[in-house]
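Report on one structure; see the data block that follows.
Order of listing sets the numbers, starting from 1, for every ligand and every atom in it. All values below were derived from every heavy atom in this structure, side-chain atoms included, with hydrogens, water molecules and symmetry-related copies excluded.
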Amino acid sequence: MRPWVLPRNVPRVGLVASSRSLAEKYLAESLPRRWRHVQGVGAQAVRIADAYAPDDDLLVAAALLHDIGYAPELTVTGFHPLDGARVLRSVGADERLCALVAHHSGARIEAAIRGLSDELAEFVDERTPVRDALWYCDMTTGPDGQRLMFEERIAEIERRYEPGSVTRRFLADGYDELEAAVQRTTRRLVAAGLVAADQPM
Ligand SMILES: [Fe+2]
């Protein structure tokens with residue numbers, strides 16, 4: 001049974017509302033802290049969305065859905081970007097949305113560490129400003145949904161995971177790519193007047 005279908009070709013507000021309710025359904029009860037983080041990432045996306053028209057709602061939807069693969073009942077491989085993207089594809093979500101979720105926040109690098117590169121290659125990393133913006137929203141939002149500077153976010157992830165863990169290895173390998181995406185986004189947002197140059201988040 002299909003638990004949920006992401007509407008296509010509906011008024012754009014429908015995409016955001018559907019994405020929010022799907023994320024809430026799978027995360028709010030089972031992983032309340034993750035749900036707070038997701039709501040914070042969604043709020044960041046809403047805040048900067050004007051700089052990404054006509055993909056503004058796609059960005060917000062991806063922000064709301066990026067961590068849905070953490071939901072215990074959706075876990076298959078245990079690699080949440082891949083599990084989340086596959087679930088979205090299975091319910092008919094837009095392919096760009098699936099791929100943004102699959103490749104969010106340096107997932108390609110973590111997939112290599114986990115031996116899941118071939119599986120993740122089912123999805124194309126679009127490497128666009130929208131993709132960078134999704135990474136930015138995730139990397140400037142803490143585990144309770146609070147806004148953080150990029151460096152603070154990296155530090156708090158490091159505190160939550162053991163040295164030698166996959167996540168710590170991922171941060172070591174992926175730091176430069178994450179930072180570059182955040183910096184590209186910051187430049188765009190400063191140019192758009194959406195963030196101050198001296199407070200780039
Ligand atoms: Fe996240």
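Using a 4.5 Å cut-off on side-chain heavy atoms (C-beta onward), D94 and L15 make no contact. Annotation: side chain of V195 is in contact with side chain of R47 (closest heavy-atom distance under 4.5 Å).
Looking at residues two or more places apart in sequence or on another chain, you find a salt bridge (charged side-chain N to carboxylate O under 4.0 Å, His left out) between R108 and E177. In this structure, the side-chain contact (heavy atoms from CB on, under 4.5 Å) partners of A180, at least two apart in sequence or on a different chain, are R184.
A salt bridge links R114 with E110: the distance from a Lys NZ or Arg NE/NH1/NH2 to an Asp or Glu carboxylate oxygen falls below 4.0 Å.
Counting only protein N, O or S atoms, the number found under 2.8 Å from the Fe ion (ligand 1) is 4.
The list of salt bridge (charged side-chain N to carboxylate O under 4.0 Å, His left out) pairs with a residue in residues 63-88, not counting sequence neighbours, reads R34-D67, R86-E122.
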